[in-house]
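One structure is given below, encoded as C-alpha cells.
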There are 2 protein chains.
Amino acid sequence: MPSSPPTEAFPAHTPAASQVFVTVLCHGPLTRSDIGGRAGLSAAAVTKAVRPLIEAGYLVEDVGEETRPSLGRPANPVRVDGGRALFIGVKITGDEIIAVLTDLCCRIRVARHLPLTARDPGAVLTLASELVRELLAEADGFGAPVHGLGVAVSGDVDRAAGVVRYSPFLEWHDVPLAELLGMTTGLKVTVDNDVRALTVAEQWFGAGVGLSDFALVTVGAGIGCGLVVHGRVVSGAHGVAGEIGHVVIDPAGPPCHCGNRGCVEAIAADPAIVAAVRERTGVAVTDAAAALELAHRGDQGARDVYTRAGDAIGRAIGTVANLFGPERVIISGEGLAAYDLFAEQIRDAFAAAAFGTAAQCDLKTRPLPFDEWARGAAATAIQSFIRSEARH
Amino acid sequence: MPSSPPTEAFPAHTPAASQVFVTVLCHGPLTRSDIGGRAGLSAAAVTKAVRPLIEAGYLVEDVGEETRPSLGRPANPVRVDGGRALFIGVKITGDEIIAVLTDLCCRIRVARHLPLTARDPGAVLTLASELVRELLAEADGFGAPVHGLGVAVSGDVDRAAGVVRYSPFLEWHDVPLAELLGMTTGLKVTVDNDVRALTVAEQWFGAGVGLSDFALVTVGAGIGCGLVVHGRVVSGAHGVAGEIGHVVIDPAGPPCHCGNRGCVEAIAADPAIVAAVRERTGVAVTDAAAALELAHRGDQGARDVYTRAGDAIGRAIGTVANLFGPERVIISGEGLAAYDLFAEQIRDAFAAAAFGTAAQCDLKTRPLPFDEWARGAAATAIQSFIRSEARH
DNA sequence: CTTCTTTTATTGACAGCGGAAAAGAACCCA
DNA sequence: TGGGTTCTTTTCCGCTGTCAATAAAAGAAG
C-alpha cells in the first residue's frame with residue numbers, strides 16, 4: 001500500500017531551475033550569487049528559480065552561517081532540505097537484495113538486507129516489493145513522501161525503457177522491471193545498471209562532484225567501470241559501456257569465462273583471486289575474505305596474487321585514462337578491502353601505462369560499504385525526480 | 001595579403017538556427033519538414049531559421065528535385081551552397097605541410113604540398129603562411145570569400161586557446177599557432193589535434209554522420225583514435241584523449257618508445273612493421289611501402305607480421321568498443337593500404353575481444369588519401385565558422 | 001473544370017525564459 | 001546619520017520557439 005502521493009511535481013520547470021537545484025544539491029550551501037557564478041546564470045535568473053523551490057520546501061535558507069569575511073550585505077546561503085523528500089534504492093545481486101531509504105541528499109536513513117533464494121523474476125519481484133513496503137512503512141516516521149524508487153541490477157539495462165535486457169547473474173532476459181515494480185509499489189521506478197547507478201551517486205554526491213570527466217572503477221566480484229564524459233554518464237550506443245572487466249591485460253594469462261585469456265576480471269576479480277591463491281598456496285580458501293586473511297597473515301604466495309591483481313587493475317585504469325583523459329579515476333568496490341596489498345602496484349602500473357598528460361589523472365580510492373550499491377540506485381531515483389519535470 | 005573580408009557574420013544567431021544548418025549540411029538536401037523532424041524543431045522554427053540562411057546565400061532551394069511520391073503540395077528541399085564560402089585546411093607533419101582549399105561542404109577544390117626542411121616554429125610558420133597565401137590567391141578564382149583556416153597538428157593541442165602545447169614530431173612546446181598564423185594570414189584560425197580534426201570531418205561529412213557515439217581509429221605512422229560521445233568529440237579533462245596507441249596488447253611484446261612493451265603502436269604502426277619485417281625476413285626494407293610490397297609478393301614472414309598487426313589492432317578496437325559502446329568504429333589511415341593483409345585478423349580479434357553487445361558495433365573502413373588530414377583541418381575551421389556566432 | 005483532400009510552408013499572436021539595469025536591503029565604518 | 005560595499009530582488013524588455021490559423025501547390029474525384 002503506497003503511503004505517499006506521487007503526484008506532486010518538482011517545481012523546476014525550466015532547465016535553468018533544474019540546474020540551480022542540482023548545483024545547490026552537489027555543492028552544499030551556496031549563496032545566490034555563488035549559484036549564479038557556478039551555473040552560469042544571472043543573479044535575476046537565480047532569484048526566480050530559487051523562490052518556488054523554497055516555497056515548495058526543497059530549498060531552505062541556511063541559517064547556520066558563520067563566515068562574515070567582508071563588507072556589505074551578508075550573503076544569504078540556501079541549501080537543500082534533505083528531509084523534504086525520501087527515496088528508496090534497491091540493489092539486486094545474485095544472492096541478496098539490499099534496500100535503503102535515503103533523503104533527498106542521498107543520505108541513508110534506513111537499510112535492509114534480504115537473502116535471495118530464487119532468482120526468477122517473479123520471486124525477486126515479490127521479495128523486492130516486500131522490502132520496499134517495509135521501507136515505505138518506515139518512511140512514515142520521517143514525515144516526508146517517498147518520491148521514487150531506484151533499482152540497480154548488474155548487466156545490460158535499458159534505463160529509458162526500464163527493462164533489464166540481460167543479466168548474467170540473475171539469468172534474466174528482457175524483464176520490464178520498472179513497470180512491474182511500479183505496479184506493486186505504486187512508486188515511480190528508475191532501473192539502471194549497477195555501476196552506472198554508482199557513478200551517478202559519485203557524480204552528484206561523491207568524489208565526482210564538479211568534475212565533467214571522470215571514471216569510476218569497481219573492484220570486487222567483478223571489475224566494472226562507469227564513465228562520465230562531458231558531464232554525462234556514458235551509456236553507449238547499445239546501452240552498454242564501461243566493460244572494463246574484459247580488457248585483456250595479458251594474452252598469456254589465465255582463461256576467462258568470456259573465452260579470452262588474461263582479462264582483468266580473470267586476474268583481479270574475487271573468484272580469480274581465490275582460485276589463484278588456492279593454486280599458488282595449496283590452501284583451500286573458498287572466498288575472498290579467506291584469501292585476504294591468508295595474505296594479511298604474510299603468506300607470500302597469496303601476496304603475490306594480490307600484487308599481480310594490482311598490476312592488472314593499474315594497467316586497466318591506465319588504458320581508461322589514455323582513452324578518455326579523465327580528470328580523476330575513483331577506485332571503489334568490496335575488493336578495496338585488500339587495498340593495502342595492491343595499492344602500490346595499482347599506482348605503479350597506472351603510472352607506467354598512462355601516456356603523457358593522461359598521467360596527470362588523479363587516482364582516488366573510496367571505501368564502499370555494501371549499502372552503497374543501493375544508495376547508487378537511490379541516486380538514480382533522485383536524478384529522475386529532479387529531471388522529470390525539467391524536460392518540458 | 002588576405003583577399004577576403006573576415007567581418008561577415010554567419011546568420012545563425014540562435015542554437016536552433018545553427019542546428020538547422022548543420023542538419024542540412026550533414027544530411028544533404030532536406031525539405032523543411034524533414035529538417036524539423038531531424039532537429040526536433042517545429043516547422044515554424046525551421047522557416048524562421050532557414051530564411052536568413054537563404055538570404056545570405058548559405059542555403060539554396062534545391063531545384064533538382066525528382067521524387068514526387070505522394071499527394072499534396074510538393075516539398076521544397078534546401079541544400080547548402082558549398083560555393084558560398086571557402087576554407088583552408090593545413091596539416092603539419094614532421095616532414096611535410098599539406099594544405100587544401102575546400103568549400104563549405106568540405107569538398108577539396110585545390111590541394112598543395114610542401115616539404116618541410118626545418119621544424120622550428122619560425123620556419124614552419126613561414127612555409128605555412130606561404131602555402132596559405134598561395135591558396136588565398138587561388139581562392140580568388142572561385143568568387144567566394146575564405147572564412148577560416150584550420151590547422152591540424154599531432155600531439156597535445158589546446159583548441160580553445162589555439163596553442164600547440166606539445167608536439168613530439170615537431171618538438172614544439174607551447175606554440176601559440178592560432179595567433180601567429182592569424183597575424184600572418186589575416187584569417188580566423190582554428191588549431192586542433194590531427195586525429196580530432198579528422199574525427200570532426202567524419203562526424204560531419206563522413207562515415208560518422210548521424211551517429212552520436214562512434215570512434216575513428218587511424219593506422220599509419222602511429223595509431224590514433226578519435227572519440228565521439230553523446231555527439232561531441234572527446235577532448236579529455238587535460239585536452240588529450242584517444243591515446244589508443246599505447247594500449248598494451250601483449251606485455252611480452254616488443255619494447256615501445258614509451259617505455260612499455262607490446263603497445264599497439266609497437267606492433268602495428270609503420271615503423272614497428274618495418275622493423276619486424278626486417279627482423280623476420282632479413283630483407284633490408286626501409287619503409288612501409290617496401291614492407292608491404294614484400295608481403296604482397298607472398299613472403300610468409302612479412303605476411304605474419306601483418307597478421308600480428310591486424311590482431312593487435314582488432315584487440316585495441318575491441319577495448320575501445322567495450323569501454324564506450326560506440327555504434328561504429330571507422331578504421332582509416334595510410335596503413336589501410338595493407339588492409340587486405342590484416343582485415344580478417346582485425347575482425348576476428350575484435351569479435352573475440354568485444355564483450356556482449358559491444359560486438360554489435362559496426363566496423364567500417366575508410367580509405368584515407370593523404371589530403372584527407374588537411375581536409376580534417378578544414379572541417380574544424382568550418383565548425384568554428386558555423387559555431388562562432390551561435391554561442392551568444 | 002471545379003471542388004475536395006492532402007501535404008508542405010508561412011504568418012502572426014503569444015507565452016516564457018533569461019538578461020540588463022536599477023532599486024532595495026543589510027551590514028560596516030566613519 | 002550618512003557613505004561605502006556587497007548581496008538580492010524587482011521591473012522591464014528582447015528574443016526564441018510553439019501554437020494555431022492561413023496560404024500554397026499539387027493530385028483525385030466528380
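Quick caveat: nothing in here was measured; it's all calculated off a predicted structure. So that the names make sense, note that chain A is the first sequence line, chain B the second, and so on, each numbered from 1.
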What is the distance from [atom1] of [X] to [atom2] of [N], rounded to the nearest Å?
{"X": "Leu41(A)", "N": "dT9(D)", "atom1": "CG", "atom2": "C1'", "result": "16 Å"}
{"X": "Asp62(A)", "N": "dT8(D)", "atom1": "CG", "atom2": "P", "result": "12 Å"}
{"X": "Asn76(A)", "N": "dC27(C)", "atom1": "CG", "atom2": "P", "result": "10 Å"}
{"X": "Arg32(B)", "N": "dA25(D)", "atom1": "CZ", "atom2": "P", "result": "12 Å"}
{"X": "Arg51(B)", "N": "dG17(D)", "atom1": "CZ", "atom2": "C1'", "result": "14 Å"}
{"X": "Ile35(B)", "N": "dT7(C)", "atom1": "CD1", "atom2": "P", "result": "20 Å"}

Q: Given side chain to side chain contact (heavy atoms under 4.5 Å, CB included), test Leu187(A) with Val146(A) step by step and report yes or no.
A: CA-CA 8 Å; Leu187(A) 292 170; Val146(A) 175; 3.9 Å; yes
**Q.** Which nucleotide in dT16(D), dT8(C), dT9(D) has an atom nearest any side-chain atom of Ser33(B)
**A.** dT8(C)
Q. Which of the following nucleotides, dG18(C), dT18(D), dT8(C), is nearest to the side chain of Ala44(B)?
A. dT18(D)
Nearest 0.5 Å, what's the [atom1]-[atom2] distance between [X] and [Y]?
{"X": "Ile386(B)", "Y": "Gln19(B)", "atom1": "CD1", "atom2": "CD", "result": "12.5 Å"}
{"X": "Leu177(B)", "Y": "Leu149(B)", "atom1": "CG", "atom2": "CG", "result": "8.5 Å"}
{"X": "Arg196(B)", "Y": "Ser235(B)", "atom1": "CZ", "atom2": "OG", "result": "4.0 Å"}
{"X": "Arg79(A)", "Y": "Leu25(A)", "atom1": "CZ", "atom2": "CG", "result": "12.5 Å"}

Q) Under the side chain to side chain donor-acceptor pair (under 3.5 Å) test, which residues partner Thr380(A), sequence neighbours left out? A) none
Q: Give one of base, sugar-phosphate or nothing for Ala16(A), where a contact means two heavy atoms less than 4.0 Å apart.
A: sugar-phosphate
Q: Tell me whether the OP1 or OP2 atom of dC19(D) has a side-chain N or O from Ser42(B) closer than 4.0 Å.
A: no
Q) Is the shortest side-chain N/O distance from Thr47(B) to OP1 or OP2 of dT11(C) below 4.0 Å? A) no
Tabulate atom names and distances for all N/O pairs under 3.5 angstrom spanning the protein and nucleotides 24-26 of chain C.
from: dG24(C); atom 1: N2; to: Arg73(A); atom 2: NH1; distance (Å): 2.4
from: dA25(C); atom 1: O4'; to: Arg73(A); atom 2: NH1; distance (Å): 3.3
from: dA26(C); atom 1: N3; to: Arg73(A); atom 2: N; distance (Å): 3.3

Q: Any side-chain hydrogen bond (donor to acceptor under 3.5 Å, both in side chains) involving residues 197-206 of chain B? Give me the pairs, sequence neighbours left out, ordered by first then second residue.
A: Glu202(B)-Arg366(B)
Please list, one pair per line, the donor and acceptor atoms closer than 3.5 Å that link side chains of residues 37-55 of chain A to other protein atoms, with sequence neighbours excluded.
from: Ser42(A); atom 1: OG; to: Ala45(A); atom 2: N; distance (Å): 3.2
from: Thr47(A); atom 1: OG1; to: Ala43(A); atom 2: O; distance (Å): 3.3

Q.
Phe21(A): which residues meet the ring pair (Phe, Tyr, Trp, His ring centres under 6.0 Å) condition with it, sequence neighbours left out?
A. Phe10(A)
Could you run down the sub-3.5 Å N/O contacts of the protein with nucleotides 28-30 of chain D?
none

Q. Taking N and O atoms by type only, does the side chain of Lys48(A) place a donor or acceptor under 3.5 Å from a partner on the base of dG16(C)?
A. no
